[in-house]
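First up is the structure itself, then whatever we jot down about it.
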Number of protein chains: 2
Amino acid sequence: MATLQGLDRGLRALNSISLAADGLTVADLAAQLDVDRAIAYRIVQTLEEHALVSRQGKRVRLGAGAATLAGRFQHQLVLAAQPVLQELADATGASAFLTLAHGARECVPVAGAQPTVHHGPVQVGYRIGVRHRLERGANGVAILALQPPWPEESEEIARARESGYSITSGQLQQGATGVAAGFEVPGAVGASVGVVAMHEFDVESVAAQVKEAASRLASLSNA
Amino acid sequence: MATLQGLDRGLRALNSISLAADGLTVADLAAQLDVDRAIAYRIVQTLEEHALVSRQGKRVRLGAGAATLAGRFQHQLVLAAQPVLQELADATGASAFLTLAHGARECVPVAGAQPTVHHGPVQVGYRIGVRHRLERGANGVAILALQPPWPEESEEIARARESGYSITSGQLQQGATGVAAGFEVPGAVGASVGVVAMHEFDVESVAAQVKEAASRLASLSNA
DNA sequence: CGCCCTGTTGCTTTTATCGCACAAAAATGT
DNA sequence: ACATTTTTGTGCGATAAAAGCAACAGGGCG
């Protein structure tokens, strides 16, 4: 496997910078990447020219180019999903998410919707763009359940495959329960829709709605 | 000014890929960058490891990592906005909000602040994370007013564009009045800051403070 | 069957990158 | 206010990393 060291460093830098909420000095960045400061300077300069980072004084932080990039990430799927998610969120009174598999072991929530009418001061901590492992959370499990049964899979996955939906509690956040159903996107990856809520709800009925949403999205992405 | 050629190429590749809505073959990419195919392959491999692109069959397209970056960018913007919002809330005695455009017709409030000293039992029904249409509420109108004049726009929008701030009453909640000013996040996203109050206030002075806050936030995301 | 395209690898050559070393600026202490 | 330490920012030559070329296996197509 041949990967480019220079580019790799640049991207790692971008990642580090994006993680630093209140910016990073060039020296800090150099330390994190374990490279000479001079290199870090050149990396930052290059990233800056592409508007991916911006410098204010001595601190480097994520730039608007990141937002631009994301705007172009509109797979037709994400666009099409938005109204479905909104409907699902409103119907169940919980936050709804669309999650895409990334590679074989991770997934990323790429779109979400909150119910229009709130049932209290709920704030669900499942955030768009935060990668996590497939094993954690209902959305990831639902994606795993799409694959043909595999020897060492957890029982959770087998159950999800059989029932058509996955359910987890507290795996991604204390006190939160998630229900999700997976579906295939023809071109490539697995995906799942699900809801996350902090309160009690009728699992049967929510599961049905989630599965319904999944099949709608599946047919959308086939067409 | 010293910029890294390798990284630069990688980022240009990322840009090209992000522009091709339905993907790019590696050969096309190599042509666009005017490099050997072998190099393009190595670039794609590296980008792929960082989740910024994904390959489906022969086509390369923008990957979920872009969404990750966007999420973090938004997170940072919200953090940076918090003190400004707090100051605005305290100065005006009203609840202050930061709202981001979401697509072309909706927006979502992503951060808020309440005045530290209360002027009564204020409860503003404008909730973080709840999407609504751009036409409703001062924050949305302010974002619409950023766009070049468009034929069938409401008079409200034209007024907002001219004066630099929007003002609405009761659109999102009975008896609530909102004042907001928009600003550009130089990529794609429109944003606005505003206040919402249930009581009477001096529009002129509040508008000035809101505009001030908007320009501060704009410079934060530009610099 | 022959042709064109994709994806990958090995190797040579060059050139872009590394990392030292140094200047400038800021922060710190007295 | 001044001296000193720490941190920031930038040339420059040596070197290692990437460019560029060529070759090759598989696959799809006429």
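Treat the numbers as computed from the prediction; the structure is a model and nothing was measured. In what follows, chains are A, B, ... by sequence order, proteins preceding strands, each numbered from 1.
For the pair B:Val84 and B:Val193, the minimum side-chain heavy-atom distance is 4.5 Å or more.
Between B:Leu4 atom CG and D:dT10 atom P there is a gap of 14 Å when expressed in whole angstrom units. Between the P atom of D:dT7 and the NZ atom of A:Lys58 lies a distance of 11 Å, rounded to the nearest Å. With rounding to whole Å, A:Asp8 atom CG is found 13 Å from D:dA17 atom P.
Residue A:Gln45 places none of its side-chain N or O atoms closer than 4.0 Å to OP1 or OP2 of D:dG9. Distances shown here put every side-chain N or O of A:Arg42 at or beyond 4.0 Å from the OP1 or OP2 atom of D:dG9. The side chain of A:Gln5 contributes an N or O atom lying less than 4.0 Å from OP1 or OP2 of D:dA18.
Side-chain contact annotation: B:Gln32 with B:Ser16, donor-acceptor N/O pair under 3.5 Å present. Donor-acceptor pairing under 3.5 Å is recorded for the side chains of B:Gln114 and B:Ser95.
Surrounding CG of B:Asp202 are more than 12 heavy atoms belonging to other residues, nucleotides or ligands, all under 6.0 Å away.
Comparing A:Thr25 and A:Leu7 by the nucleotide of DNA chain D whose heavy atom lies nearest to each, the residue mapping closer to the 5' end is A:Thr25.
At a threshold of 4.0 Å, the pair A:Arg131-A:Glu106 counts as salt-bridged, since one of the basic side-chain nitrogens sits closer than that to a carboxylate oxygen. Contact check on A:Glu49 versus B:Arg12 returns no salt bridge, with no Lys/Arg side-chain nitrogen under 4.0 Å from an Asp/Glu carboxylate oxygen.
A:Arg9 comes within 4.0 angstrom of the backbone, heavy atoms only, and of no base.
Looking at residues 29-41 of chain A, you'll see A:Arg37, A:Ala38, A:Tyr41 sit with a heavy atom under 4.0 Å from some atom of DNA chain D.
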